[in-house]
Amino acid sequence: MSAEQNPARLDDDHTVSVLTRTRTLCGQCSDDIGVDGAAVAVVASDTSRDLVYATDITAERIDELEFTLGEGPGLTAYRSSVPESHSDLTDPAAVTRWPMFVPEILDLGVRAVFAFPLRLFNGARIGVLELYRTQPGRLDAQHYRAAAGYAAALGPMVVDELDPTRNPTLVDPALFPRGTVHVAAGMMAVQLRVSPAAALARLRAMAFAQHRRITVIAQDILAARLRFRPEDPGGN
């Protein structure tokens, strides 16, 4: 997918001021474990997730690809509650598991990915910690344990920092730009006279087929630069 302008201002003053501890811990995790980048996403379901923080644009793109395609190691780790460790994405086994995700991520220059589920103290799953490398290479035992430790710390920390009773500024929807995707899908649903789920599926298919970022297409819909009619191909 093309490297279009990033609508998710992950390093703006507002985001940083709200997510200070999450941002700091993500950076420490990336440095301590020896990976090239890290991201934290909160997940509600296969179709509802939001990126909380990413250390760099590649980490953000990896998470957005999983959101767009509905597959990848982060989603698998969240669903199974078991970490995913893939030291070489050119391995045919990885392509077999995620046939749409792996070619796209390889095009980004990513060669290894690792994902650790985020949990609360009661064991409830709330998201995933995603790590990547631009060169093949596994996590040794020490770094694997360290990554699991960071994931254990990040789960409760993210929930605390995103608590609107503690952080009233979280009402600003700009903090979670992927929320605009669901709004755009709702607008599509009205224009196409289909269900919101069908509209979201079509929006994801458009992003994949056009090699565009789903958040960028959503911005076009919200700005009325892109509209749909029921008689459009694939409209029903």
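Note that the structure is predicted; figures quoted are calculated from it, not measured.
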For the residue pair Leu51 and Ala39, what are the closest heavy atoms and their distance?
CD1-CB, 3.9 Å
Can you tell me if Gln191 uses its side chain to pair, donor with acceptor, with the backbone of Arg227 under 3.5 Å?
no
Would you kindly check if the NZ (Lys) or CZ (Arg) of Arg193 is within the cone defined by 45 degrees around the ring axis of Phe228 and under 6.0 Å from the six-membered ring centre?
no
Please check this pair: side chain of Thr55 against backbone of Ala38, looking for a donor-acceptor N/O pair closer than 3.5 Å.
yes
Can you measure from CZ (Phe114) to OG (Ser87) and round to the nearest 0.5 angstrom?
6.5 Å
For Thr90, all residues meeting side chain to side chain donor-acceptor pair (under 3.5 Å), sequence neighbours excluded:
Asp88
For the residue pair His211 and Phe208, does the interplanar ring angle fall in the parallel (under 30°), tilted (30 to 60°) or perpendicular (over 60°) class?
tilted
Tell me the closest heavy-atom pair linking Thr134 and Arg111, and the distance in Å.
O-CG, 3.3 Å
Looking only at heavy atoms, what is the nearest atom pair of Ala94 and Val102, with distance?
O-CG2, 3.4 Å
Closer than 3.5 angstrom, by distance alone: can the side chain of Arg119 be matched with the main-chain N or O of Ala151 as a donor-acceptor pair?
no
State the CG-OG distance between Leu118 and Ser81, to the nearest 0.5 angstrom.
11.0 Å
Donor-acceptor contact below 3.5 Å, side chain Arg133 vs main chain Gly34
yes
Nearest 0.5 Å, please: how far is CG in Leu129 from CG in Leu154?
6.0 Å
OG1 of Thr215 to CZ of Phe67: how many Å apart, nearest 0.5 Å?
9.0 Å
Would Leu25 and Val40 show up in the same hydrophobic cluster when neighbours are defined by side-chain heavy atoms closer than 4.5 Å?
yes
Shortest non-hydrogen contact from Ala115 toward Pro73:
CB-O, 3.6 Å
If you compare all heavy atoms of Glu60 against all heavy atoms of Ala54, which two are closest, and at what distance to 0.1 Å?
N-CB, 3.7 Å
Kindly work out whether a path of hydrophobic side-chain contacts (I/L/V/M/F/W/Y, heavy atoms less than 4.5 Å apart) joins Val110 to Val95.
yes
Would you check if the side chain of Thr24 reaches a backbone N or O of Thr20 as a donor-acceptor pair within less than 3.5 Å?
yes
Taking a hydrophobic cluster as the set of Ile, Leu, Val, Met, Phe, Trp and Tyr residues connected by side-chain heavy atoms closer than 4.5 Å, whether directly or through intermediates, do Leu120 and Val42 fall within one such cluster?
yes
Carefully, step by step, assess His143 and Arg138 under the rule side-chain contact (heavy atoms from CB on, under 4.5 Å).
CA-CA 9 Å; His143 287 146; Arg138 67 182 183 86; over 6 Å; no
After noting the C-alpha distance and the side-chain angles of Asp56 and Asp36, does the key distance pass the side-chain contact (heavy atoms from CB on, under 4.5 Å) rule?
CA-CA 9 Å; Asp56 58 82; Asp36 293 298; 5.9 Å; no
Do you reckon Val82 sits in the same ILVMFWY cluster as Val113, going by side-chain contacts under 4.5 Å, direct or chained?
no
So, the side chain of Glu130 versus the backbone of Ala41: is there a donor-acceptor pair under 3.5 Å, distance only?
no
Approximate separation, where rounding is to 0.5 Å, of Thr76 OG1 and Trp98 CH2
5.0 Å
Look at Arg79 together with Glu84 and state whether they make a salt bridge at an N to O cut-off of under 4.0 Å.
no
Check: Thr68 side chain, Arg204 main-chain N or O, donor-acceptor pair, under 3.5 Å
no
So, for Pro136 and Ala112, which heavy atoms are closest and what is the spacing to 0.1 Å?
CA-CB, 4.5 Å
Just to verify, what does Asp220 make a side chain to side chain donor-acceptor pair (under 3.5 Å) with, not counting sequence neighbours?
Arg212, Arg225
Heavy atoms, side chains only, cut-off 4.5 Å: are Glu71 and Arg97 in contact?
no
Would you please test Glu66 and Val128 for side-chain contact (heavy atoms from CB on, under 4.5 Å) and show each step?
CA-CA 12 Å; Glu66 291 203 49; Val128 64; over 6 Å; no
Inter-residue atom distance Leu131.CG - Ile62.CD1, 0.5 Å rounding:
9.5 Å
Are Leu65 and Tyr132 linked, directly or through intermediate hydrophobic residues, by side-chain heavy-atom contacts shorter than 4.5 Å (ILVMFWY only)?
yes
Less than 4.5 Å apart, side chain to side chain, heavy atoms only: is that true for Ile217 and Gln210?
yes
